[in-house]
Amino acid sequence: MEPRDAAVHGHKRLRNQSLIGVLMLVAKKIIAANLIVGGAIVVAAGTAAIAYAMSDPNCRDKIKDCSDRMRDCANRMCNRSSDSGDPEMANSTSN
């Protein structure tokens with residue numbers, strides 16, 4: 001192989017690597033755009049669900065009851081007795 005041919009083939013290899021780099025960059029941009037669009041869709045759907053739930057009085061009361069039960073359960077879990085080995089929870093203090 002002559003030196004001139006090596007230079008030509010080396011240039012071709014460099015061009016192929018450059019093309020691969022461009023394609024990888026395009027692929028990364030497509031993935032990033034999909035993540036952004038997907039996040040926007042999730043935010044829009046969540047906002048619509050919350051708006052619907054807050055506009056319905058029955059649903060709002062159910063959400064409030066559920067949050068109260070979760071808060072009470074969390075308080076009991078955080079205030080359990082660690083002195084004894086029994087699994088019973090300590091009495092929770094009222095807020």
Side-chain angles (χ1 to χ4, degrees):
M1 193 185 275
E2 295 180 16
R4 186 176 142 215
D5 289 339
V8 170
H9 291 296
H11 179 66
K12 195 174 197 180
R13 188 174 354 139
L14 181 62
R15 188 182 319 161
N16 286 342
Q17 288 176 350
S18 176
L19 180 63
I20 291 172
V22 169
L23 291 176
M24 291 296 289
L25 181 64
V26 170
K28 288 178 184 178
K29 286 185 177 186
I30 290 172
I31 292 170
N34 283 338
L35 288 173
I36 291 170
V37 170
I41 291 171
V42 168
V43 167
T47 302
I50 289 172
Y52 173 75
M54 291 296 125
S55 65
D56 185 13
N58 291 334
C59 190
R60 187 174 39 226
D61 292 338
K62 287 180 182 179
I63 291 172
K64 186 176 184 301
D65 291 340
C66 182
S67 67
D68 290 341
R69 281 185 280 152
M70 288 176 67
R71 187 180 311 111
D72 291 342
C73 181
N75 285 340
R76 279 186 271 136
M77 292 293 286
C78 290
N79 292 330
R80 69 180 165 187
S81 175
S82 60
D83 296 338
S84 61
D86 61 348
E88 296 205 17
M89 311 265 178
N91 291 334
S92 62
T93 60
S94 62
N95 293 336

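One is the number of the first residue; the rest follow in order along the sequence.
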Trainee: Using side-chain contact (heavy atoms from CB on, under 4.5 Å) as the criterion, point out the one residue from M70, R76, R69 that pairs with D72.
Mentor: R76
Trainee: Enter the distance from K64:NZ to R60:CZ here, rounded to the nearest 0.5 Å.
Mentor: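 The NZ atom of K64 sits 11.5 Å away from the CZ atom of R60.
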Trainee: Between CD1 of I31 and CG of L35, what distance do you get to the nearest 0.5 Å?
Mentor: 7.5 Å
Trainee: I'd like to know if R71 and D68 make a salt bridge, using a cut-off of under 4.0 Å between side-chain N and carboxylate O.
Mentor: yes
